Amino acid sequence: MSRWVLHVDMDQFLAAVELLRRPELVGQPVVVGGRGDPTERAVVSTASYEAREFGIRSGMPLKVAVRRCPEAVFLPVDFPVYEAASEQVMQTLRDVPGAVVEVLGWDEAFVGLDSADPQVAARAIHDAVLAATGLHCSVGIGDTKVRAKIATDFGKPQGIFSLTQDTWFEVMGDRPATALWGIGKAIGARLARLGIQTVRQLAEAPEEDLVAAFGAATGPHLGRLGRGEGSNHVDDTPWVARAHGHEVTFQVDLTERAQVEDALGGLSRQVVADLAAEGRACIRVHLKVRFAPFFTLTRVRKLPEPTLDPQVIAATALALLDKLADDRPIRLLGVRGEMVPPEGGYDPSRTQGRRGAP
DNA sequence: TCTGGGGTCCTAGGACCC
DNA sequence: TCTGGGGTCCTAGGACCC
């Protein structure tokens with residue numbers, strides 16, 4: 001028996017949930033995003049595998065997606081339905097004997113368990129999730145979380161793939177560093193300037209070079225990523241949110257101050273509703289603003305005292321916006337409220353935990 | 001071809017204090 | 001003529017993930 005980390009990732013999750021209630025669409029290109037209207041400003045949340053064959057990807061503007069595949073079926077995002085499906089999936093995982101479940105997002109989780117044969121355990125998990133929900137998943141097996149997470153990509157769809165210390169460099173060594181979880185375009189470009197292109201080169205880079213280039217915490221972290229090293233501890237401590245926010249993209253850019261004030265007021269009320277639901281006051285206001293066409297800024301201001309007054313939050317956001325002294329049309333506004341930390345602070349072992357959707 | 005909405009963490013540097 | 005050393009708090013800004 002050894003300790004294993006399994007990473008369970010649902011296949012085309014949002015599209016798959018929609019297909020369950022619209023079986024007549026099975027086999028067709030399906031795109032879930034925005035309000036389901038590809039003429040609006042919105043992006044693809046999930047594309048079915050058939051739609052991906054046309055080059056449609058998550059994060060792509062719906063206007064681009066519809067050009068790539070005019071016959072595709074466009075559906076609106078329906079959060080409550082996905083939340084319910086997600087909860088069903090996570091409960092199925094928790095019901096696996098001996099499993100510890102750390103939820104990472106709507107459609108993925110780490111499962112920690114002791115097993116003599118993790119392949120058998122992974123297959124059992126796939127089958128249990130399918131039986132309970134009608135949804136397929138892929139499972140990555142690893143001796144660390146990082147390896148399990150990356151392994152899943154090689155299993156998709158509906159597959160199982162294992163990545164351990166013994167196979168890490170054989171599978172990942174010659175791949176680009178950006179294939180790693182946590183290395184995106186920007187860090188990839190900075191690594192390239194240091195002459196580091198591949199996972200193997202990153203793994204072998206002198207730590208002092210990485211520290212000099214990326215700082216005391218990030219530098220060594222990148223080196224460990226390159227080696228697939230990291231924790232194998234799966235933690236089921238419930239996630240405690242740091243903040244809640246709302247943002248809105250305007251179909252027509254805002255040019256009038258009254259429109260801006262209205263929008264900030266509405267966003268602030270939504271934020272306060274979320275914070276009040278947790279019974280935690282706001283200590284810092286984050287403003288996000290995108291000026292047409294592509295220029296985005298964020299600003300933060302600490303409040304003199306914690307509050308749940310939407311007018312205080314809206315006024316703070318407006319003051320931050322005024323300070324920018326930029327009267328270009330506004331395409332997006334976001335207000336985020338950072339909350340009073342819980343008694344004793346946040347659980348440091350969960351700092352890498354759940355990001356994104358609940 | 002045009003850019004969602006929900007999150008989190010890290011680093012640098014200035015202000016201020018002792 | 002040269003500018004401590006350590007610490008905290010705060011803001012700006014960058015980056016990443018689902």
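Convention: sequence-line order gives letters A, B, ...; per-chain numbering from 1. As the structure is a prediction and not an experimental result, all values here were calculated from the model.
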S.K.: So what stems show up for DNA chain B if we need 3 or more Watson-Crick or G-U pairs in a row, all under 3.5 Å?
M.R.: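 Expected stems, ordered by start: B:5-18 with C:5-18.
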S.K.: Please, which pairs that meet side chain to side chain donor-acceptor pair (under 3.5 Å) have at least one residue in residues 257-269 of chain A, sequence neighbours excluded?
M.R.: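 For residues 257-269 of chain A, and leaving out neighbouring residues, the side chain to side chain donor-acceptor pair (under 3.5 Å) pairs sorted by first residue read A:R257-A:E261, A:R257-A:D322.
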S.K.: For a quick check of understanding: with a heavy-atom distance under 4.0 Å over all strands, which category does A:V77 fall into, base, sugar-phosphate or nothing?
M.R.: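 The answer is nothing, as A:V77 stays clear of every strand by at least 4.0 Å.
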S.K.: In residues 31-48 of chain A, what residues come within less than 4.0 Å of DNA chain C, judged by heavy atoms?
M.R.: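 Within this stretch, nothing sits under 4.0 Å of the strand.
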S.K.: With a 4.0 Å cut-off on heavy atoms, is A:L180 in touch with a base, just the backbone sugar-phosphate, or nothing at all?
M.R.: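 Contact class for A:L180: sugar-phosphate only.
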S.K.: Got a sec, which pairs hit ring pair (Phe, Tyr, Trp, His ring centres under 6.0 Å) with one end in residues 145-177 of chain A, sequence neighbours left out?
M.R.: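 Matches after skipping sequence neighbours: A:F154-A:F161.
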S.K.: With side chain to side chain donor-acceptor pair (under 3.5 Å) as the rule and sequence neighbours excluded, what pairs involving residues 223-232 of chain A come up?
M.R.: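 Checked against side chain to side chain donor-acceptor pair (under 3.5 Å) - neighbours excluded - the pairs reaching residues 223-232 of chain A are A:R227-A:E229.
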S.K.: Which nucleotide wins on minimum distance to the side chain of A:E108, given the candidates B:dG7, C:dC18, B:dG6?
M.R.: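 From the listed options, C:dC18 comes nearest.
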S.K.: When Ile, Leu, Val, Met, Phe, Trp and Tyr are grouped by side-chain heavy atoms lying under 4.5 Å apart, directly or through other members, which residues fall in the same group as A:I283?
M.R.: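 Same cluster as A:I283: A:V340.
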S.K.: Taking only residues two or more places apart in sequence or in another chain, which ones pass salt bridge (charged side-chain N to carboxylate O under 4.0 Å, His left out) with A:K156?
M.R.: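 With sequence neighbours excluded, A:K156 shows a salt bridge (charged side-chain N to carboxylate O under 4.0 Å, His left out) to A:D9, A:D11, given in chain and number order.
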S.K.: Scan for side chain to side chain donor-acceptor pair (under 3.5 Å) pairs involving residues 30-45 of chain A, sequence neighbours excluded, and state none if there are none.
M.R.: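 For residues 30-45 of chain A: A:R35-A:E40, A:D37-A:T39, A:R41-A:D253.
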S.K.: Nearest to the side chain of A:R67, heavy atoms from C-beta on, is which of B:dG6, B:dT8, B:dT1?
M.R.: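 The answer is B:dT1, which lies nearest to the side chain.
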S.K.: Which residue pairs pass the salt bridge (Lys or Arg N to Asp or Glu O under 4.0 Å) test with at least one member in residues 125-143 of chain A, sequence neighbours excluded?
M.R.: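 For residues 125-143 of chain A, and leaving out neighbouring residues, the salt bridge (Lys or Arg N to Asp or Glu O under 4.0 Å) pairs sorted by first residue read A:D143-A:R147.
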S.K.: Could you name each residue pair satisfying side chain to side chain donor-acceptor pair (under 3.5 Å) that touches residues 182-195 of chain A, not counting sequence neighbours?
M.R.: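 Residue pairs with at least one partner in residues 182-195 of chain A: there are none.
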S.K.: Taking 4.0 Å as the cut-off, does a side-chain nitrogen or oxygen of A:H246 come that near to OP1 or OP2 on B:dG6?
M.R.: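 For A:H246, the contact criterion (side-chain N or O under 4.0 Å from OP1 or OP2 of B:dG6) is met.
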S.K.: Using a 4.0 Å heavy-atom cut-off to protein, can you give one letter per nucleotide of nucleotides 9-15 of chain C, 5' to 3': B if the base is in contact, S if only the sugar-phosphate is, - if neither?
M.R.: -SSSS-S
S.K.: So which pairs with a foot in residues 63-77 of chain A pass salt bridge (Lys or Arg N to Asp or Glu O under 4.0 Å), sequence neighbours left out?
M.R.: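 Pairs touching residues 63-77 of chain A that pass the test: none.
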S.K.: Quick check, are the ring centers of A:W106 and A:F79 under 6.0 angstrom apart?
M.R.: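 Yes, the ring centres sit under 6.0 Å apart.
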S.K.: Compare side-chain N and O positions of A:K149 against OP1 and OP2 of C:dC16 and report whether any pair is under 4.0 Å apart.
M.R.: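 No.
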